[in-house]
Amino acid sequence: MTIHIDEKICKGCGLCVYYCPQNVLCMSNVRNTKGYYLVAVCNSNKCKVCHTCEINCPDLALYVEEDDKVKG
Ligand code: SF4
Ligand code: SF4
């Protein structure tokens, strides 16, 4: 599982942090070029790949990619 955050698009609104049921995401103290504080992944091992964060981001700034499943 990989959480991709587009640092150019994220505006630090914190909605993904608020809605994640697993407390995977958190706000960082890093700003993007627009001056917004960026969201960060703080507990990646807790992620259930539910996509709630994606659905609640108003700017489509992040998405969660599942690991490739081994076939056979
Ligand atoms: S996919 Fe679900 S558990 Fe994982 S970070 Fe997003 S909201 Fe949290
Ligand atoms: S909801 Fe989207 S814009 Fe808001 S902090 Fe999360 S990734 Fe950034």
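We count ligands from 1, going down the list as the structure has it; atoms in each ligand are counted the same way.
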Visitor: Counting only heavy atoms and a distance below 4.0 Å, can you name the residues contacting ligand 1?
Guide: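 Lining ligand 1: Ile3, Cys20, Pro21, Gln22, Val24, Cys47, Lys48, Val49, Cys50, His51, Thr52, Cys53, Val64.
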Visitor: Nearest 0.5 Å, what's the CD1-CG distance between Ile55 and Leu60?
Guide: 11.5 Å
Visitor: Could you list the residues that satisfy salt bridge (charged side-chain N to carboxylate O under 4.0 Å, His left out) with Asp6, not counting sequence neighbours?
Guide: none
Visitor: Donor-acceptor check, side chain of Asn56 to backbone of Cys16, threshold 3.5 angstrom: yes or no?
Guide: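 Between the backbone of Cys16 and the side chain of Asn56 there is no qualifying donor-acceptor contact (under 3.5 Å).
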Visitor: Quick one: which ligand 2 atoms are inside 4.0 Å of a heavy atom on Gly12?
Guide: 5 (S), 8 (Fe)
Visitor: What closest approach, in Å, do Met27 and Gly14 show between heavy atoms, and which atom pair accounts for it?
Guide: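 The pair with the smallest heavy-atom distance is SD-CA, 4.0 Å.
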Visitor: Are Leu38 and Ile3 connected into the same hydrophobic cluster when the rule is that any two of I, L, V, M, F, W, Y join if their side-chain heavy atoms are below 4.5 Å apart?
Guide: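 As far as the 4.5 Å side-chain criterion goes, Leu38 and Ile3 are not connected within one cluster.
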Visitor: Provide the number and element of each atom of ligand 2 under 4.0 Å from a heavy atom of Lys11.
Guide: 3 (S), 8 (Fe)
Visitor: Using modelled atom types and a 3.5 Å cut-off, is there a donor and acceptor pairing between side-chain atoms of Asn32 and backbone atoms of Glu7?
Guide: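 Confirmed, Asn32 side chain pairs with Glu7 backbone.
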Visitor: Over all heavy atoms of both residues, which pair between Ser44 and Val41 is shortest? Give the atoms and the distance, please.
Guide: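 Heavy atoms only, the tightest pair is CB-CG1, 3.6 Å.
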